[in-house]
Amino acid sequence: MLPGETAIVAAAALSDLLHEISRLGYTLVGPTVRDGAIVYREIHSAEDLPAGWTDVQQPGSYRLARRADSALFGFAVGPHSWKQFLHQPAVTLWHAQLADQGAVTFAAEPPERKRLALIGVRSCELYAIATQDKVLIGATYSDPHYAARRAGLFVVAVNCTVAGGTCFCVSMKTGPKVETGYDLALTELIDDARHELFIEAGSERGAEVLERVPRRPADGRAREAAEKAVRATAEMMGRQLETEGLRELLYANLENSRWDEVATRCLACANCTMVCPTCFCTTIEDHTDLGARRAERVQRWDSCFTTDFSHLNAGSVRSSIKSRYRQWLTHKLASWIDQFGTSGCVGCGRCITWCPVGIDLTEEAAAIRRTDLRSQTGREA
Amino acid sequence: METRASDPNGAASPAPTLPRATPVRRVIRESADTVTLELDNSVGRSFAPGQFNMLYLFGVGEVAVSISGGPVESQVLAHTVRAAGAVTRLLVNVKRGATIGVRGPYGSAWPIEGAARERLDLLVVAGGIGIAPLRPVIYHALRERHRFGRLIVLFGARRPDDLIYAREFNRWRAYPGVELRTIVDHGSSNWRGPVGIITDLLATTDFDHDDTLAMVCGPEVMMRFVRHALVGRGLPPERIYLSLERNMKCAIGHCGHCQLLPFFVCKDGPIFALPKVAPLLDMREL
């Protein structure tokens, strides 16, 4: 088979396909049910996937529910993103050693050469990975740990056949159909008569894997069924965000009173930044052993919602919650475009679902548009 | 007119944030809370005036410090450190012969080459420790006096003792075309100079607004007043440069801490032409 070619594989044969991938030396990571949520963890076969589960998502609310069928990918996205496997929550960067004479030596921690196969990557998540690529390996400096994990990736993407209540990838033009950046792309076709996967090879190694599993050629009807399923998902978006002129809108509204209003609800808990698949900010922690001989530098995820984040000797630059929420939202939807040429938002909806008070960035952006300081008549009473 | 380091340190390195073990060659006490660390530079690493390094003290932590010495090809790299935070309070106690970690240089530079091409007058306005990233400019302008017009240095500090580098003032003044004026917030029994704020000095300093490049570094509030005063005196904003400070962890544009709306201060700054940042500096908590 060649990249671009398609095949139909019975859902029951997915474990064969996963087995073929792991035989190439990849560790499989995929969605699985744990603690009442669908999270990404190491898996060993299709048995570990959330068969028959879906998720019900609203601002500040996430619940698993049973589906009427046994679909393997019949849900949207959960609290995890693939970020945790590529831009890891904690990475040791280097060690320092103090000798008797006071000399200090430094040694870099070599990147872990782990080859991961991500199973079930959604289109918005592929965009999120591409977005982090621009930050961490696309500029002057390259993060060697991210680069190593990124280079060793095998991606099995999934076209969404259901949208979550907080999804808005259609607005962000990041889905639901997978377009690029995958080795294999699956569309799950399930009804009373069948449970099959329409699979497209996106790379040579993807094609090689597909060749080794029981399959039949995909005819035009199968392709049409797959495309119809994804088109239906596009009609199911739980949210939408008007992106026209959004960057300029936010830049012109840094003093909009809406920021004061949202600050009365925002807890500055940082959940939105932790679940966001593109948020990349980190801090460093230096650990020293009790003998004060050996120190190590650890890079950890950080959040612009903490006061420490912008700390200077004179105090925090952004001491109010208002200013921190404004920083987060304007970075995500406006200044990211200046910095990296794309929006920092992929429309996955995680920040809406996992906000404990249900703050909805699409609603905040819409509220600012309604009260645009540039239009006198647009002001609310 | 902005210039950048042509070869950013460690860009191709397998560990871009790994410090280099660097001996402290000399420690110069500048004031009660400020020292200059002269770090070994026998490897001959070059820098551009305005750039900074990340200094790491074993078991304590890391902090961004401007390079405050010169010349560019010197055997030592000077960093002036004021005891102000958790790391700098211990960094000022470092002894000669100690080893610290250094990585850099990072960031944008003062546009002095452009100024030399146009043979502009240089107006250096510094508040407190803000003189540190400007001293390489002063050294450069003294050493290549013929390439520049006047060199006007306005330096304000809280108290007379905070006017660091005072032992060099007479040497600076000895060069032709150099004016150095100082002012303090609070005088002392032997202070004979003016008492007030830096804008008082600016108000009584003549400069040719058609032919002057201003470089400003100090507390953000000081820079706000100075830039408004400079613009008020007719200096075009595109010939006013500021050095900004933000929290920095990585210095390579990855950690996100130093953002100022579209900018990463570590790589787009710390030196900015005023028109790029003027509206942002008037906004609170950005």
Side-chain angles (χ1 to χ4, degrees), chain A residues 93-94 96-99 101-111 135-136 139-144 146 251 254-255 279-284 286 288-289 292-293 295 297 299 302 304 308-314 316-320 322-324 326-327 330-331 334-339, chain B residues 8-23 56-63 82-88 95 97-101 103 106 219-221 245-264 267-268 279-280 283-286:
Chain A
L93 300 178
W94 47 258
Q97 193 82 35
L98 183 67
Q101 297 77 22
V104 183
T105 51
F106 296 94
E109 177 82 6
V135 179
L136 297 171
T140 310
Y141 293 93
S142 183
D143 177 333
Y146 181 88
Y251 280 168
L254 295 170
E255 307 279 24
C279 271
F280 58 82
C281 288
T282 53
T283 188
I284 49 165
D286 286 352
T288 313
D289 71 355
R293 288 291 180 174
R297 159 125 339 146
Q299 173 187 285
D302 200 3
C304 54
D308 252 13
F309 189 83
S310 61
H311 177 82
L312 291 176
N313 290 328
S316 180
V317 171
R318 292 186 281 270
S319 56
S320 71
K322 164 194 170 179
S323 68
R324 283 176 261 149
R326 180 178 67 184
Q327 165 61 25
T330 55
H331 185 216
S335 50
W336 204 300
I337 299 169
D338 294 282
Q339 295 169 349
Chain B
N9 166 59
S13 161
T17 62
L18 185 71
R20 302 179 298 275
T22 306
Y56 167 77
L57 185 57
F58 180 84
V60 177
E62 195 174 46
V63 66
R82 187 169 73 93
V87 178
T88 51
K95 299 286 182 275
T99 304
I100 67 170
R103 57 188 180 94
Y106 299 116
E220 212 156 299
V221 60
E245 184 190 16
R246 283 293 180 272
N247 185 302
M248 276 181 204
K249 300 293 184 197
C250 75
I252 60 172
H254 289 176
C255 79
H257 282 248
C258 68
Q259 287 177 80
L260 177 62
L261 222 57
F263 303 117
F264 288 88
K267 59 175 185 175
D268 301 315
L280 309 181
M283 209 94 63
R284 287 171 58 85
E285 291 195 291
L286 216 53

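This structure is a prediction, so every number in the text was calculated from the model and none was measured. These numbers come from the heavy atoms of this one structure, side chains and all, not from hydrogens, waters or symmetry mates.
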Asker: Side chain, backbone, both or neither: which part of A/Ser310 has a non-hydrogen atom closer than 4.5 Å to chain B?
Answerer: backbone
Asker: Side chain from CB out, backbone as N, CA, C, O: work out which of these in B/Ala98 comes under 4.5 Å of a heavy atom of chain A, or both, or neither.
Answerer: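 No part of B/Ala98 comes within 4.5 Å of chain A.
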Asker: Contact part of A/Tyr146 toward chain B, heavy-atom cut-off under 4.5 Å: side chain, backbone, both or neither?
Answerer: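 When you check distances to chain B, no heavy atom of A/Tyr146 falls under 4.5 Å.
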Asker: Is B/Glu220 close to chain A through its backbone or its side chain, or both, or neither, when contacts mean heavy atoms under 4.5 Å?
Answerer: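 For B/Glu220, there is no contact with chain A at all, as no heavy atom is under 4.5 Å.
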Asker: Does the pair B/Arg103/B/Glu62 count as a salt bridge with the N-to-O cut at 4.0 Å?
Answerer: yes
Asker: Counting only heavy atoms closer than 4.5 Å, note whether A/Gln299 contacts chain B via side chain, backbone, both or neither.
Answerer: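 Contact with chain B involves no heavy atom of A/Gln299 at all.
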Asker: Please classify the contact between A/Asp308 and chain B as side chain, backbone, both or neither, with a heavy-atom cut-off of under 4.5 Å.
Answerer: backbone
Asker: Counting only non-hydrogen atoms closer than 4.5 Å, does A/Ala314 touch chain B with its backbone (N, CA, C, O), its side chain (CB onward), both, or neither?
Answerer: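 Contact with chain B: none, neither part.
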Asker: Contact part of A/Leu93 toward chain B, heavy-atom cut-off under 4.5 Å: side chain, backbone, both or neither?
Answerer: side chain
Asker: Quick check: does any side chain N or O of A/His331 sit under 3.5 Å from a backbone N or O of B/Gln259, one acting as donor and the other as acceptor?
Answerer: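 Side chain of A/His331 to backbone of B/Gln259: no pair is present.
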Asker: Using 30° and 60° as the class boundaries, would you call the ring planes of B/His257 and A/Phe309 parallel, tilted or perpendicular?
Answerer: parallel
Asker: Measuring heavy-atom distances to chain B, does A/Asp143 have an atom under 4.5 Å in its side chain, in its backbone, in both, or in neither?
Answerer: both
Asker: Under 4.5 Å from any heavy atom of chain B, what part of A/Ser319 do you find: side chain, backbone, both or neither?
Answerer: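 Its backbone and side chain both get close to chain B.
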Asker: Using non-hydrogen atoms only, which part of A/Arg297 is less than 4.5 Å away from chain B: side chain, backbone, both, or neither?
Answerer: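 It is the side chain, since no backbone atom gets that close.
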Asker: Among A/Thr105, A/Thr283, A/Ile337, A/Val135, who wins on heavy-atom pairs under 4.5 Å with chain B?
Answerer: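 Ranked by heavy-atom pairs under 4.5 Å with chain B, first place is A/Thr283.
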Asker: Measuring heavy-atom distances to chain B, does A/Thr282 have an atom under 4.5 Å in its side chain, in its backbone, in both, or in neither?
Answerer: both
